[in-house]
S.K.: 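Once you've had a glance at the structure underneath, I'll fire off some questions.
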Amino acid sequence: MITFSVRGLRKSYGGVPAVREMDLDLRPGEILALIGPNGAGKSTCFNMMTGQVVPDAGSIRLFGRELIGLKPRQIWRLGVGRTFQITATFASLTVLENLQLALISHHHRIRALLARAGSLYRDEALALLRLVGMEPQADRPCSILAYGDLKRVELALALTNDPKLLLMDEPTAGMAPRERIELMRLVARIVGERNICMLFTEHDMDVVFAHATSIMVLNRGRLVTRGSPGEVRDNAEVQAIYLGSGAVYDADAVKGVA
Amino acid sequence: MAIRSVSAALGAMGVVASCLFSGPGRAAEPIKVGEINSYSTLPAFTLPYRNGWQMALEEINAAGGINGRPVEVISRDDNGKPGDAVTVANELLSRENVSLLMGTFFSHIGLAVSDVAKQRKVLFVAAEPLTDAMTMEQGHRYTFRLRPPTRPQVAVLVEEAAKLPAKRWATVAPNYEYGQSSVAVFKAMLSARRPDIQWVDEQWPAQGKIDAGATVQALARAQPEAIFNVTFGPDLIKLIREGNTRGLFEGKAVVSMLTGEPEYLDPLGAETVPGWIITGYPAAQIDTPEHKAFLKAYQAKYGELPKLGSIVGYSTMKSVAAILAKAGSTDTEKLVAAAAGVKVATPFGEITYRPEDHQSTLGLFVGKTAVKDGKGVMVDWTYKRGEDYLPGLAEVKARRPAD
Amino acid sequence: MEFLFSQFLTGLASASSLFLVASGLSIIFGVSRIVNFAHGSLYMLGAYIAYSLVEHSGLGGGNFWIALPVAALGVALLGLLLEVTLLRKIYHAPELLQLLATFGVVLVVQDAVLMIWGPEDLLGPRAPGLAGAVRLFHQAIPQYDLFLISLGPVVLALLWLLFHRTHWGTLVRAATHDRDMVAALGVNQASLFTGVFTLGALLAGLGGALQLPRGAVSHAMDLQIIVEVFVVVVIGGLGNVFGAFLAAIIIGELNAFGILVFPQMTLVLTFLAMAVILVVRPWGLRGKPQSLAHGAAVAGGRVLRRLPPAAGKAFLLVAVLLLALPWLGSGYALNVATEMAIYALFAASLHLLSGIGGMVSFGHAAYFGLGSYGAALAAKSLGLPMELALLAGPLTGALGALVYGWFCVRLSGVYLSMLTLAFAQITYAVAFQWSSLTGGDNGILGVWPSHWASGPVAFYYLTLVVCGGSILILRHIVFSPFGYTLRACRDSEIRADAIGIDARHHRWLAFILCGFFAGLAGGLFAFFKGSVFPDSASIGTSVDGLVMVLLGGIQTLTGPVVGAVIYTALRIFVSTYTDYWRAVIGVVIILLVVAFPQGIVAWTADRFQAWRAIRPAVKTKEKAA
């Protein structure tokens, strides 16, 4: 069964192609990494899938339903959870309130005037925070959280709508190395337990090769290759693209996790 | 007898207060008068006005007060807002226990205070507000007004305008009730007298925001032979300066409301255009004995010529004193009864508050502008008595609600 | 044809004057994000100083031409002082607090001018050498107009050179584009801001001094120009000098030609134009989309908390005191308390929109005014009793907000604020000119309460119940899912969108809700005062509301109520005892702003929390000792 499929996706800005002819499929349990050097088209690709950028051509389907033309909020309601490259949380709400609001929205109660939001979905919110390890900070405002903690709040937010697909734009950017591994292990566990699928972009090759079940490499808007981490690592073109970019990866680390 | 009724009127709280504060000297307990005006918003007019009533107040108390009691005026600023005027009116009535109210400049503020007077059944002697509505459509038992309103002011000018040969007329007036009703009345009255007249243009600059160059050009384009102006203050100054530069007024007759009042004429200085027909107040030239006495006292006290505001303030205070003296009481009903038909000596001569519409018969001066020593002056003036221009009994009956 | 040409020149001359003042305001806003209310005061000071220099310097002859630059420099110096002594202290305060501070400055300058130059209008001489007119195509064109027309482009060119050919100018442009980036580059922000503010003041002073030959110098000059200049800056696009130039020409010509076509529309023409332009171009003619963080800046990351138990007790005490007030105070005290309660509701409704919703309204009086007129007309024209007429107030307020809000929520930041102002002015103009319905500026009289509520005690209780209840409802809404949603849209629109929230839709609902409660306050106000006038929908009323919210603290819930009480008390009591109440209130506002940059309530709450944090430690120590 295919959860998510993209066909013939194209986008250019002022005649300059950012993404050309992108195809991909995602099945439950799959963790797909979208990698490539700066300007490869990862973010454009990502933003088309979340509804922020409208593609020039192609189709994006979730369980066979066309997503193109839908707004981000409509896509979210269909069961897509997402995180942002630069974290976007509600700074003047507490961590718990952030989660509660997302849950309130998921349950279609955002227009309620009489209920007390603070007592709604509290346990569910706390459970999600526990899952990402943020329960001890539930009552702190997001405006004073450390960046790595914000990333974890983002993950929790992305899970509030019981997603079938997780889209994560550089989920570990700005985090300390140990935090990165922890976070990605957590994500991998969630994906596995809930039997959902996930697509993420990432600069850190350790993260990518340790956790992705498959990898797509983009360069200048074009798909270079797609395959398992092992296949991609041995691909000559990929090595050429990354040669000199300073990105190295440790095969032992991959084995260690696998 | 008088003292007893005062206490009764003041009610229980007033009795307690007077016992506490005046002790044995109750005979000298002052009569409190509440006064409200736009001191901070319109200082150019209201500061001379305050000089006027303060001088009158001193005269009244120097002469032994009213029926042996001194008069005390408690004065408040209305911040130029009708809502605030209502607040201070309530404060004066509830906290200061004043016996009556006086003052106000702007029409809408005057109307707001007048409505409070009606609601709380207290006498209000309005000083300045020009709107006809005050004594006509919105008139009621408790409000009296000193100054001649828009209609007689216009009527006096129409008399002069009708004598002019000009047939093509344009008007320029600030875009609010005073400007609108002045123009409407002027057009109706003049057309009635001179059916041959054509109205070729009207301009309605926003009060205080005239685009003078554009307005002058628009007026010039219509090629009027005469212009009726209602703008005043900074707007008028801009209009005249632009008009002079562009030659608008050359060969044209101009009839202009209030321009001869020192408040508005003095700042014009050498820009004053000679030959305009105006209403106003030629302070230095009036030589009636009443006015000479007033002028001498005013100059001795303040070292400057009085403005029209000074006359209004002085006469309002004197009106209040006359009403209090005639009533022999501070009971509102007695005050109202006394105010109807009361005669008051003012620098412009004796006036009467007409019982039928509560309007005083204070008159106004009409004349022409001239330039003397680089200053604008009013010449060829005559005094027009209010009673000759106020609406007749039939019109009052038709427009003023019965009590 | 010739006439149209000369009318066009007249429009250009006005445009030049407008541009000088507007360019200064635009530059200041672009760099420091300060909504400088005092810009009109600097303009007025320029005119007064020039007048004194011409009349009293004894230089004779052509001294206007000397007075002009000297006055401009003098105002620049005042601007410098203002920046260094006041504004610099509050750059880290929430964004709108500077607006409050500059409003204090406006009040102080108004009274200072009255004290120094007296109440009369002053007329200076014509410009030496340019006193007459030249004939162009059979039309007399004032020479001074031609001078002004050429001055506009010259100043524009000089500013362009300054911004493109000097290092300092490049920094200013960079800061306008991205403030944080410039700070990150290690540029001394404080001196950059000082320089920009001084330049802006110089231009304002020059603009004012240039008015001297055109007409009287008067006390009302500041407020007359400030709104129009804001309109120009916003139409042009904030921070864009060339945009301001274009906008000034549009407004100048619109006024010049508008009076030929619609002579009765003088009150509203500029605001109609601004509304249309902003609806079509949400960032003005030449402006760039502002970062969406503007609304978030209002909150500043401060979390709203429900009251701690101790504060709950204090609240109960206040409630008991309010209920017992008729036994404690005089009729007048009740009167004042009634007014405070009405303004508190007005401020609370503005706070829900601006503080919680992040949509700062400069025109909240529109809904207050609509509510006043709705209630008054229901009572007077339809003859409804007070109880029913009071319902008409909130309904008209909500209806107005429904229409205006639909347009406003499509904008953001100061553009949104200025569109709310435009709608408020349009409302004001309708109230002012639709005499047959509203009575024009003579208003609607005789709107008194029903017999049972006509005494001060009864009306006080009525107001207390309605306003107190409404404020509690508003408070509850803030903590409801809808309130959370609004706060979320304010903090991060992109994240709100990503969790299924349609920000625009909810903001619109917030507008309607706030219009409802502002209208309710307006309706009560009508019956309280017994009459309704256009000034209930005026800019002054909108500004009062904003001052109340900011004074108490926009980031707290109790702030607006406390601000309303303090500001109303100040206005009523200070103006009872002195003509110079504006100066007194201005100084008080400035002192409060400097002392409590977060607002009075937020400051108190922070101190209280700090004290509670320390207290247990102290107690333990005492025990140990």
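We use all heavy atoms of the structure for the numbers below, so side chains are in, but hydrogens, waters and symmetry mates are not. Each chain gets a letter, A, B and so on, in the order the sequences are listed, and its residues count up from 1.
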S.K.: So which atom in B:N79 and which in C:S575 form the shortest heavy-atom distance, rounded to 0.1 Å?
M.R.: OD1-CB, 3.7 Å
S.K.: Among B:E271, B:R246, B:E202, B:E263, which residue has the highest count of heavy-atom pairs closer than 4.5 Å to chain C?
M.R.: B:R246
S.K.: Please list, chain by chain and in numerical order, all residues satisfying side-chain hydrogen bond (donor to acceptor under 3.5 Å, both in side chains) with C:D222, sequence neighbours excluded.
M.R.: C:Q110
S.K.: Identify the two heavy atoms, one from B:P43 and one from C:P119, that lie closest to each other, and give their separation to 0.1 Å.
M.R.: CB-CB, 3.4 Å
S.K.: Tell me, side chain or backbone of C:A220 under 4.5 Å from chain B's heavy atoms, or both, or neither?
M.R.: neither
S.K.: What heavy-atom pair brings B:P234 and C:A216 nearest, and what distance separates the two atoms?
M.R.: CA-CB, 4.2 Å
S.K.: Chain C: which of B:N175, B:V86, B:L111 shares the most heavy-atom pairs with it under 4.5 Å?
M.R.: B:N175
S.K.: Counting only heavy atoms closer than 4.5 Å, note whether C:Q143 contacts chain B via side chain, backbone, both or neither.
M.R.: neither
S.K.: Of all heavy-atom pairs between C:I259 and B:A218, which one has the smallest distance, and what is that distance?
M.R.: CD1-CB, 4.2 Å
S.K.: CG/B:D266 to CG/C:L122 distance, rounded to the nearest 0.5 angstrom?
M.R.: 12.0 Å
S.K.: Checking C:S6 against chain B: side chain, backbone, both or neither under 4.5 Å from a heavy atom?
M.R.: both
S.K.: Quick check for you: to the nearest 0.5 Å, what is the distance between B:D77 atom CG and C:W581 atom CH2?
M.R.: 7.0 Å
S.K.: Select one option (side chain, backbone, both, neither) describing which atoms of C:P125 are under 4.5 Å from chain B's heavy atoms.
M.R.: backbone
S.K.: Would you mind telling me which of B:V88, B:L47, B:D84 has the largest number of heavy-atom pairs within less than 4.5 Å of chain C?
M.R.: B:D84
S.K.: Please step through side chain to side chain contact (heavy atoms under 4.5 Å, CB included) for the pair C:R126 and B:T245, ending with a clear verdict.
M.R.: CA-CA 10 Å; C:R126 285 159 181 264; B:T245 313; 2.7 Å; yes
S.K.: So how far is it from B:Q217 CD to C:F8 CZ, rounded to the nearest 0.5 Å?
M.R.: 13.0 Å
S.K.: How far does NE2 of B:H108 sit from CZ of C:F533, to the nearest 0.5 angstrom?
M.R.: 7.0 Å
S.K.: Before accepting this row, confirm whether a basic side-chain N of the pair B:D115/C:K529 lies closer than 4.0 Å to the acidic partner's carboxylate O.
M.R.: no
S.K.: If I measure from the heavy atoms of chain C, does B:S114 come under 4.5 Å with its side chain, its backbone, both, or neither?
M.R.: neither
S.K.: Could you walk me through whether C:W448 and B:V116 pass side chain to side chain contact (heavy atoms under 4.5 Å, CB included), step by step?
M.R.: CA-CA 10 Å; C:W448 295 105; B:V116 172; 4.1 Å; yes
S.K.: Does B:R241 offer a backbone N or O that forms a donor-acceptor pair with the side chain of C:R214 under 3.5 Å?
M.R.: no
S.K.: Taking the side chain as every heavy atom from C-beta outward, state whether C:S435 and B:E177 have any atom pair closer than 4.5 Å.
M.R.: no
S.K.: Show the numbers, then the answer: is there a side chain to side chain contact (heavy atoms under 4.5 Å, CB included) between C:Q224 and B:Q207?
M.R.: CA-CA 10 Å; C:Q224 274 157 23; B:Q207 165 74 357; over 6 Å; no
S.K.: Give, as side chain, backbone, both or neither, the part of C:L334 having an atom under 4.5 angstrom from any heavy atom of chain B.
M.R.: neither
S.K.: Any side-chain heavy atom of C:N335 within less than 4.5 Å of one from B:R95?
M.R.: no
S.K.: Distance only, no hydrogens: is a donor on one side chain within 3.5 Å (strictly under) of an acceptor on the other, for B:T131 and C:N442?
M.R.: yes
S.K.: Highest number of heavy-atom pairs under 4.5 Å with chain C: which of B:G269, B:S107, B:P205, B:A89?
M.R.: B:P205
S.K.: For the residue pair C:E339 / B:T87, report whether a side-chain donor-acceptor contact shorter than 3.5 Å exists.
M.R.: yes
S.K.: Could you give the distance from OG1 (C:T578) to OH (B:Y39), rounded to the nearest 0.5 Å?
M.R.: 13.0 Å
S.K.: Pick one of side chain, backbone, both or neither for C:D111, based on which atoms fall under 4.5 Å of a heavy atom in chain B.
M.R.: neither
S.K.: Does the side chain of B:E91 reach to within under 4.5 Å of the side chain of C:I572, using non-hydrogen atoms?
M.R.: no
S.K.: Among B:K209, B:Q138, B:K118, which has the most heavy-atom pairs under 4.5 Å with chain C?
M.R.: B:Q138
S.K.: Relative to chain B, which segment of C:A13 carries a heavy atom at a distance below 4.5 Å: side chain, backbone, both, or neither?
M.R.: neither
S.K.: Among C:T576, C:V532, C:N255, C:V217, which residue forms the greatest number of heavy-atom pairs with chain B at distances under 4.5 Å?
M.R.: C:T576
S.K.: If we ignore hydrogens and angles and just use 3.5 Å, is the side chain of C:D535 paired with the main-chain N or O of B:K81 as donor and acceptor?
M.R.: no
S.K.: Heavy atoms only, distances under 4.5 angstrom: which of C:G252, C:G443, C:P213 has the most pairs with chain B? Name it, please.
M.R.: C:P213
S.K.: Say you draw a straight line from CG of C:D441 to CD1 of B:I109; how long is it, rounded to the nearest 0.5 Å?
M.R.: 11.0 Å
S.K.: Could you check whether any side-chain N or O of B:K238 sits under 3.5 Å from a backbone N or O of C:G215, counting only pairs where one atom can act as donor and the other as acceptor?
M.R.: no
S.K.: Between C:P142, C:G439, C:S454, who has the most heavy-atom pairs with chain B when the cutoff is under 4.5 Å?
M.R.: C:P142
S.K.: Heavy-atom distance under 4.5 Å to chain C: side chain of B:L268, backbone, both or neither?
M.R.: backbone
S.K.: Say whether, by atom type as modelled, one donor and one acceptor occur between the side chain of B:Q119 and the main chain of C:G530 under 3.5 angstrom.
M.R.: no
S.K.: Shortest non-hydrogen contact from B:A214 to C:Q7?
M.R.: O-NE2, 3.3 Å
